[in-house]
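What you see below is based on every heavy atom in this structure, not just the backbone, and it leaves out hydrogens, waters and symmetry mates.
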Amino acid sequence: MSAPAAPRRVMWPLYAAGFTTAFGAHGIAANLGGLSDDAIGSLLALGLLLALYDGAEVLLKPLFGTLADRIGARPVMIGGLAAFALASAAYALAGEPGWLWAARLGQGAAASAFSPAASSLVARLNPAARRGRAFGSYGFYKSIGYTLGPLLGGVLVWAGGLRLLFAVMAVLGAAVAGWALAVVPGVPPLPRARQTVRDLARRLADPAFLGPTGALAAATAALSVGVGFLPVSGAAAGLGTIATGAAVSVLALCAAVVQPWAGKALDTGRLTTRAGLAAGLALAAAGLAAAMLPGLPGVLLAAALIGAGTGLITPLGFAALAAVTPPERLGQTMGSAELGRELGDAGGPLLVGAIAAAATLTHGYAALAALLATGPLLLALTRYRTARATAPPR
């Protein structure tokens, strides 16, 4: 008999941590461009300021994931949330441009700690038979953070400026940290065998890690391209900001709705990891192909398909990683997988933007769609090779 799943009251702070990192990333990033030149200085400075958060995550997530394995995921998550609150409060209180840079860097570093630690706790607190649903719910609330961040952030900036938004972030981080401290049980670190750099490299190069992580990176690349470039396509077709904003909301909503369903389908055996990842990649590729169609129908269809594909891949990918990772290495694996997602987050828009600059945006969509479409083929090839390797000799 498998261990019972964690009570819902224990999981809620973990979902809130996922919401916090998503809200912190998009709520502020979407509203930095409205600052005066005195605060930012130039578009280059704005780009650097936007990159601080993600850059800190790329560098630090694997390190904090490993620390979570060493000392326990709970203290790393709570400490990260507390640091997020302090970094946010620094700019809310000071209000100086220099403090804005420091606060944004601090937020990114703090999210690097509590995000993989929360993912590790989602896996540790739930048996294998429930992890699909657990990661589906975690992804749902993270998607809600991505969806509401720009909207609520804009309202707060309109009402009281950027300092009010940072103040709300500080209160949110402190509240979730206190909630987790009171509710989430201690999950002690497990004994670990000594691991060399070669051991780590071998484990990260294993197809059981590369397959789900590659799918997660591809899904994040498609999501970032959809959020960033679908409004450009809509504007080129003569659509207003309301219509293009609605399209991006459709993308986020589809991703949020599909994730709990996908996790439950995995747990109940109605969906396999391999089939789900392949279907998700195919849907995301079809969405990018639909973005090549002119006008509102193409934009909306692209948003729906990319959102559905992303929502299908995310819980299945993390559940697959948890299933093949020794429990004492979950933090390290989740941090490394999050690094893969961050690289997809940056690489997708960079690829499409570079091709669009050299040719057209349609060519950029086509290139990323073709790249994602190879995913199901690679998964099928891997399955064929595995079947041949394990087949009894004739």
(request) Nearest 0.5 Å please: distance from the OG atom of S119 over to the NZ atom of K142. (result) 5.5 Å
(message) Same cluster or not: L156 versus L148, using hydrophobic residues (I, L, V, M, F, W, Y) connected whenever any side-chain heavy atoms lie under 4.5 Å apart?
(response) yes
(request) Return yes if some donor-acceptor pair links the side-chain N/O of S120 with the main-chain N/O of P116 below 3.5 Å, else return no. (result) no
(message) Quick check: closest heavy atoms across I306 and G226, and the distance to 0.1 Å?
(response) CD1-CA, 4.4 Å
(request) Taking the side chain as every heavy atom from C-beta outward, state whether R163 and W99 have any pair of such atoms under 4.5 Å apart. (result) no
(message) I'd like to know if F84 and L86 are part of one continuous hydrophobic network [Ile/Leu/Val/Met/Phe/Trp/Tyr, side-chain heavy atoms within less than 4.5 Å].
(response) no
(message) Can you tell me how the ring of F135 sits relative to the ring of Y138, calling it parallel under 30°, perpendicular over 60° and tilted otherwise?
(response) perpendicular
(message) In the structure I gave you, are the side-chain heavy atoms of V122 and R131 within less than 4.5 Å of one another anywhere?
(response) no
(request) Considering non-hydrogen atoms only, spot the tightest contact between S143 and A252 and give its length. (result) CB-O, 4.3 Å
(request) Taking all non-hydrogen atoms of both residues into account, name the closest pair between A256 and P260 and its distance. (result) O-CD, 3.1 Å
(message) With rounding to the nearest 0.5 angstrom, report the CG to OG distance, L293 to S233.
(response) 10.5 Å
(request) Determine whether T310 and Q259 make a side-chain contact, defined as any pair of heavy atoms from C-beta on separated by less than 4.5 Å. (result) no
(message) Is there a continuous path of hydrophobic side-chain contacts, each under 4.5 Å between heavy atoms, that joins L253 to L305?
(response) no
(request) Provide the closest heavy-atom pair for G106 versus A87 in the form atom of the first, atom of the second, distance. (result) C-CB, 3.8 Å
(message) With a 4.5 Å cut-off on side-chain heavy atoms, are L316 and L271 touching?
(response) yes
(request) Step by step, work out the side-chain contact (heavy atoms from CB on, under 4.5 Å) result for Q107 and F166. (result) CA-CA 10 Å; Q107 286 181 329; F166 272 81; 3.6 Å; yes
(request) Let me know which of T272, T268, D267 forms a side chain to side chain donor-acceptor pair (under 3.5 Å) with R270. (result) T268
(message) With a 6.0 Å cut-off on the ring centroids, do W261 and F140 count as close?
(response) no
(message) Would the distance check show the side chain of Y365 and the main-chain N or O of F229 forming a donor-acceptor pair, the cut-off being under 3.5 Å?
(response) yes
(request) Answer yes or no: is there a side-chain heavy-atom contact under 4.5 Å between P212 and T273? (result) no
(message) Any heavy-atom pair between the side chains of L152 and V168 that's under 4.5 Å?
(response) no
(message) Could you check whether R8 makes a cation-pi contact with W12, meaning its NZ or CZ is under 6.0 Å from the centre of the six-membered ring and within 45° of the ring axis?
(response) yes
(message) With a 4.5 Å cut-off on side-chain heavy-atom distances among I, L, V, M, F, W and Y, is there a chain of contacts connecting V76 to M11?
(response) no
(request) Supply the atom-to-atom distance L300 CG to L251 CG, rounded to the nearest 0.5 angstrom. (result) 10.5 Å
(request) Compare every heavy atom of A17 with every heavy atom of V176, then report the nearest pair and how far apart it is. (result) CG1-N, 3.9 Å
(message) Can a donor-acceptor pair be found, under 3.5 Å and without considering hydrogens, that links the side chain of T220 to the backbone of G344?
(response) no
(request) Hey, could you give me the CG/CZ distance between L14 and R124, rounded to the nearest 0.5 Å? (result) 12.5 Å
(message) Using the rule given for side-chain contact (heavy atoms from CB on, under 4.5 Å), can you reason through R133 versus L266, listing the C-alpha separation, both sets of side-chain angles and the distance that settles it, and then say yes or no?
(response) CA-CA 8 Å; R133 272 169 279 202; L266 176 67; over 6 Å; no
(request) Could you check if a side-chain atom of L371 sits within less than 4.5 angstrom of a side-chain atom of L368, using non-hydrogen atoms only? (result) yes
(message) Do L172 and F19 have side chains that approach each other closer than 4.5 Å (heavy atoms only, starting at C-beta)?
(response) yes
(request) Is it possible for you to say whether V187 and I71 belong to one hydrophobic cluster, with membership spreading through side-chain heavy-atom contacts below 4.5 Å? (result) no
